[in-house]
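Single-structure report; data block below.
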Amino acid sequence: MVELVTGHAGKAHATAEQAAGLNAGILGLDDYVLNVHDKFKITVVSANKVTIGTGELVMQGRHVSQGTPEDLIVTNGSQGQKRNDLIVCRYAKGSQSIESAKLVVVRGTPTTGTPTDPALNTTSPLDGGTTYDMPLYRIPLDGITIGTPVALFNVLKPMSDVWDSLTPAEYAPYIQCAGHTVTTGDDGTFWVGVKSPNGKPPDYASYTVGPFGTGFNDEDGIIAHLWDVTATGVRFRLYTTRYQRWCGKTAIFGKWITVWRR
């Protein structure tokens, strides 16, 4: 049955599940650290303690906030053995549907070989899971030494950054292109005239020989190399892949393109 969530119903009716569904629909079904505060920055304090800084995250639509740094204890390593521990944000749904989240160190299995990450709870609460782990860091241990923590999360950029990354029309690249027929100089070079929109040479230029229609072929495998660029023209030089040398005077047809960043 349809229910109006964002509206007055005369009683408490909006649920955390609905809020999580909205978050997941807007932000996506992955897990993200938000680009605010310390972004859960980790600091290794000693051989068995790390500190996780402040931050905000969204895991499977659930918003979790850490307002003050938190110390976590890492079980001491064993001499001659290696181990991978994972620091996770663990969602749990207990009795009477009480939900919670906390940072947890998930201990890996010691080995003399190459350590692997411990198993995590991966069934999303959106799919009915009652325990879910969002990995934040891998803590490698070599003997009793904690190695450099490895971040395992993505930072979700704010909409302002997304907007800045889009290209408004006034910043779109300026492009010139056309078909072309020319007889090169004796050294296989030729010029294409261009009109620079900013008084500068193009940032990119390319020439494609052909296409060859019925009755024509490119037995010599001719390609055009960019040879020189100016604000008024672009120079190319022809090369034959069949004979592995620069071409002499040649009549060709093809198409060219030049691009300027604005």
Using atom types as modelled, flag every donor-acceptor pair under 3.5 Å from a side chain in residues 66-76 to any protein atom, sequence neighbours excluded.
from, atom 1, to, atom 2, distance (Å)
Q66, NE2, I52, O, 3.1
Q66, NE2, G53, O, 3.1
D71, OD1, T51, OG1, 2.5

May I have the list of side-chain donor-acceptor pairs in residues 12-26 shorter than 3.5 Å, sequence neighbours left out?
from, atom 1, to, atom 2, distance (Å)
H13, ND1, E3, OE2, 3.1
H13, NE2, G7, O, 2.9
T15, OG1, Q18, N, 3.1
T15, OG1, Q18, OE1, 3.4
E17, OE1, R62, NH2, 2.7
Q18, OE1, T15, N, 2.9
Q18, NE2, E3, OE1, 3.2
N23, ND2, A19, O, 3.4
N23, ND2, G61, O, 3.0

Show which side-chain atoms of residues 114-122 pair as donor or acceptor with protein atoms under 3.5 Å away, not counting sequence neighbours.
from, atom 1, to, atom 2, distance (Å)
D117, OD1, N84, ND2, 3.2
D117, OD1, R138, NE, 2.8
D117, OD2, R138, NE, 3.2
D117, OD2, R138, NH2, 2.8
N121, ND2, D133, OD2, 2.9

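Inter-residue side-chain proximity for K93 and P125 is flagged as unmet; no heavy-atom pair is nearer than 4.5 Å. Residues F40 and I42 are not in side-chain contact: their nearest non-hydrogen atoms beyond the backbone lie 4.5 Å or more apart.
With hydrophobic clusters built from ILVMFWY side chains whose heavy atoms lie under 4.5 angstrom apart, V33 does not share a cluster with V106. Note: the hydrophobic cluster containing L86 does not contain I146 (ILVMFWY, side chain heavy atoms under 4.5 Å, direct or indirect links). A continuous path of Ile, Leu, Val, Met, Phe, Trp and Tyr side chains, each step under 4.5 Å between heavy atoms, connects V36 with V58, placing both in one hydrophobic cluster. Cluster annotation: V229 and V192 are assigned to the same hydrophobic cluster (Ile/Leu/Val/Met/Phe/Trp/Tyr, side-chain heavy-atom contacts under 4.5 Å, transitive). Placement of F253 and I257 in two distinct hydrophobic clusters is found when ILVMFWY residues are connected by side-chain heavy-atom separations under 4.5 Å, directly or transitively.
To the nearest 0.5 Å, the span separating OG on S206 from NZ on K255 amounts to 9.5 Å. Note: L226 CG to W256 CH2 = 13.0 Å, rounded to the nearest 0.5 Å.
Judged purely by atom type and a 3.5 angstrom limit, W260 uses its side chain to pair as donor or acceptor with the backbone of P201. A side-chain donor-acceptor contact under 3.5 Å links Q60 to the backbone of L29. Under a 3.5 Å cut-off, the side chain of S196 and the backbone N or O of N198 do form a donor-acceptor pair.
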(request) Evaluate the ring pair (Phe, Tyr, Trp, His ring centres under 6.0 Å) criterion for residues Y239 and W246: first the C-alpha distance (whole Å), next the side-chain angles of each, then the deciding distance (0.1 Å), finally the verdict. (result) CA-CA 4 Å; Y239 184 85; W246 297 109; 5.2 Å; yes

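Counting only residues at least two apart or on different chains, the ring-ring contact (aromatic ring centres under 6.0 Å, His included) pairs with a member in residues 116-153 are Y137-F153. Identified under the ring-ring contact (aromatic ring centres under 6.0 Å, His included) test for residues 42-90, with sequence neighbours left out: none.
In summary, of the residues considered (T184, T189, I223), a side-chain contact (heavy atoms from CB on, under 4.5 Å) with L238 occurs for T184 alone.
Under the side-chain contact (heavy atoms from CB on, under 4.5 Å) criterion, N154 pairs with Y32, sequence neighbours left out.
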